[in-house]
Protein chains: 2
Amino acid sequence: MNESELFKALADPTRRAVFERLADGEMNATDLRQGFDLSQPAMSQHLAVLRTAGLIAEQKYGRNVLYRINPDGVARIHQWLSRYNAFWPSRVDDLKQLLKEMDQ
Amino acid sequence: MNESELFKALADPTRRAVFERLADGEMNATDLRQGFDLSQPAMSQHLAVLRTAGLIAEQKYGRNVLYRINPDGVARIHQWLSRYNAFWPSRVDDLKQLLKEMDQ
DNA sequence: CAATCATATAAGTCTGTGCTTATGTATTTG
DNA sequence: CAAATACATAAGCACAGACTTATATGATTG
C-alpha cells in the first residue's frame with residue numbers, strides 16, 4: 001500500500017496492460033489471460049501484486065473472481081503527482097478542458 | 001524513455017527522495033548526497049536512472065553537474081494517468097480548486 | 001460424489017537491480 | 001604541473017522479481 005509498491009506494480013509492462021484492460025470493465029482472471037502469452041499462475045501473481053499495491057480490487061462469485069480497477073490506487077498516484085504540479089504547466093489547459101467536459 | 005523505465009525509476013524510495021529534493025531546486029550530486037547514507041557511485045547510478053527515464057535533466061558547469069527536475073517526465077506520468085481520469089472522480093473538486101488558485 | 005473448472009500457492013530457476021570497492025576522466029587549484 | 005575535487009564507469013556480490021511446473025483449494029456440474 002506504499003508508494004514503492006505502487007510504482008513497482010506499474011513498472012511491469014504486463015501489469016500495466018492488465019490494468020489498462022480492466023479500465024474497459026471488470027473481468028475475471030481467465031478472460032484477462034486472453035492475448036497474453038502467460039501461464040495461469042503468472043497472471044495470478046501479477047493480479048496479486050496489483051491488488052497488494054491497491055491498484056485493483058477483487059470480488060469473488062462462486063469459483064470465479066472478478067477484478068476491477070480500484071479508484072484509490074489511481075487517486076494515490078495523482079496525489080503523489082500533485083506535489084509536482086508546478087512542473088507541468090503545459091497540461092493545465094488540457095485539464096481545464098477536461099473539467100469543463102465533465103460538467104456537461 | 002518508455003513507461004517501464006519511468007515507473008521503475010520511481011519504484012525506488014531513494015530515487016523518489018532525490019526527485020523530491022530536486023523539486024525544491026536544482027542541486028549537484030555531492031549536495032544531493034547530504035542526508036543519504038549512500039556511496040558516491042550509488043548516487044551517481046540513481047541519477048543516471050532518473051535521467052534515462054526522462055525525470056531529471058543535467059547541466060555541466062566545470063567539474064560540477066547541476067541536476068534538476070525534467071518537466072517532460074512529470075508530464076508523461078500525468079499523460080499516462082489521464083487515461084484513468086474516470087476512476088478518480090473524488091479528486092475533481094480538488095483539481096478545480098487548484099486550477100482556480102493557479103489563475104490568480 | 002467424482003470429475004472439472006477457476007484460481008492460488010509452493011518451489012525452483014534465471015535475470016535484473018542496488019549496492020559495494022576500485023578505478024577512470026575531466027576540471028580546478030596551489 | 002601535481003594534487004585535489006566532482007563525477008562516471010567497471011566489476012562483483014547479494015537479493016528481489018518474473019517466470020516456470022507441480023500441486024493445493026474450493027466451487028460447480030454430471
Side-chain angles (χ1 to χ4, degrees), chain A residues 1-22 25-70 73 77, chain B residues 1-22 25-70 73 77:
Chain A
M1 279 287 276
N2 59 46
E3 282 161 353
S4 288
E5 279 181 324
L6 193 63
F7 288 117
K8 256 185 239 177
L10 293 172
D12 183 87
T14 302
R15 283 194 293 265
R16 281 199 311 282
V18 167
F19 188 75
E20 190 160 354
R21 180 172 283 191
L22 288 177
E26 55 190 9
M27 208 178 290
N28 64 43
T30 301
D31 291 346
L32 272 171
R33 280 185 64 205
Q34 296 290 338
F36 290 102
D37 185 21
L38 213 66
S39 68
Q40 177 267 319
M43 177 58 79
S44 181
Q45 286 158 17
H46 280 309
L47 289 168
V49 170
L50 286 167
R51 199 186 60 79
T52 303
L55 283 162
I56 63 174
E58 61 186 47
Q59 187 178 3
K60 300 185 75 168
Y61 67 113
R63 64 186 169 189
N64 296 277
V65 182
L66 263 193
Y67 292 94
R68 62 176 185 282
I69 285 189
N70 182 354
I77 304 170
Chain B
M1 278 288 276
N2 59 46
E3 282 160 353
S4 289
E5 279 182 323
L6 194 64
F7 287 118
K8 256 185 240 175
L10 293 172
D12 183 88
T14 302
R15 283 194 292 265
R16 282 200 311 281
V18 166
F19 188 75
E20 190 160 354
R21 179 171 285 191
L22 287 176
E26 53 190 8
M27 208 179 290
N28 64 42
T30 301
D31 290 346
L32 273 171
R33 281 185 64 204
Q34 296 290 337
F36 291 101
D37 185 21
L38 213 66
S39 68
Q40 176 268 317
M43 177 58 79
S44 181
Q45 287 157 17
H46 280 308
L47 290 167
V49 171
L50 286 167
R51 199 186 61 79
T52 303
L55 283 163
I56 63 174
E58 60 187 47
Q59 186 179 2
K60 300 186 75 170
Y61 68 112
R63 64 186 168 190
N64 294 277
V65 182
L66 262 193
Y67 292 94
R68 61 176 185 281
I69 285 188
N70 182 353
I77 304 170

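Sequence lines set the chain letters: A, B, ... in the order given, protein chains first and strands last, and positions in each chain run from 1.
A donor-acceptor pair is defined here as one N or O able to donate and one able to accept, closer than 3.5 Å; such a pair exists between the side chain of A:Thr52 and the backbone of A:Ala48. Remark: the backbone N or O of B:Ala9 is paired with a side-chain donor or acceptor of B:Arg15 at under 3.5 angstrom.
Distance from the side chain of B:His46 is smallest for C:dG18 among the nucleotides C:dT17, C:dT9, C:dG18. Side chain of A:Asp12, nearest nucleotide from D:dA18, C:dT7, D:dA11: D:dA18. Among the nucleotides D:dT20, C:dC19, C:dA8, the one closest to any side-chain atom of B:Gln45 is C:dC19.
You won't find any donor-acceptor pair under 3.5 Å spanning the side chain of B:Gln40 and the base of D:dA6, going by distance alone.
Look at CD1 on A:Ile56: it is 13 Å from C1' on C:dT7, rounded to the nearest Å. Rounded to an integer number of Å, the gap from B:Met43 CE to D:dT5 P is 20 Å. B:Leu38 places its CG atom 11 Å from the P atom of C:dT21, with the value rounded to the nearest Å. Per the geometry, CZ belonging to A:Arg15 stands 8 Å off P belonging to D:dC19, to the nearest Å. For B:Leu50 and D:dA8, the CG to C1' distance is 16 Å, given to the nearest whole Å. Distance CG (B:Leu32) to P (D:dA8): 11 Å, rounded to an integer number of Å. Rounded to an integer number of Å, the gap from CG of A:Leu47 to C1' of D:dC19 is 15 Å. What separates CZ of B:Phe36 from P of C:dC19 is a distance of 11 Å, to the nearest Å.
Here the CG-CG distance, from A:Leu50 to A:Leu55, works out to 6.0 Å after rounding to the nearest 0.5 Å. Rounding to the nearest 0.5 angstrom, the gap separating the CD atom in B:Glu58 from the CZ atom in B:Arg51 is 4.5 Å. The distance from the CZ atom of B:Arg33 to the CZ atom of B:Arg21 is 11.5 Å, given to the nearest 0.5 Å.
Comparing B:Lys8 and A:Asp31 against DNA chain C, the residue whose closest nucleotide sits nearer the 5' end is A:Asp31. Toward the 5′ end of DNA chain D lies the nearest nucleotide of B:Ser44, the other residue of the pair A:Ala11 and B:Ser44 mapping further downstream. Closest-nucleotide positions on DNA chain D for B:Pro41 and A:Val49 were compared, and the one nearer the 5' end corresponds to B:Pro41.
Contact annotation: A:Ser39 reaches the phosphate of D:dT20 (side-chain N/O to OP1 or OP2, under 4.0 Å).
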Can you list the steps and then say if A:Asn28 with A:Tyr61 is a side-chain contact (heavy atoms from CB on, under 4.5 Å)?
CA-CA 10 Å; A:Asn28 64 43; A:Tyr61 67 113; 4.2 Å; yes
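Shown for residues 57-66 of chain B: residues whose heavy atoms fall under 4.0 angstrom of DNA chain C, namely B:Gly62, B:Arg63.
Side chains of B:Arg16 and A:Ser4: a donor on one and an acceptor on the other come within 3.5 Å.
Nucleic acid contact class of A:Ala42 (heavy atoms, under 4.0 Å, all strands): base.
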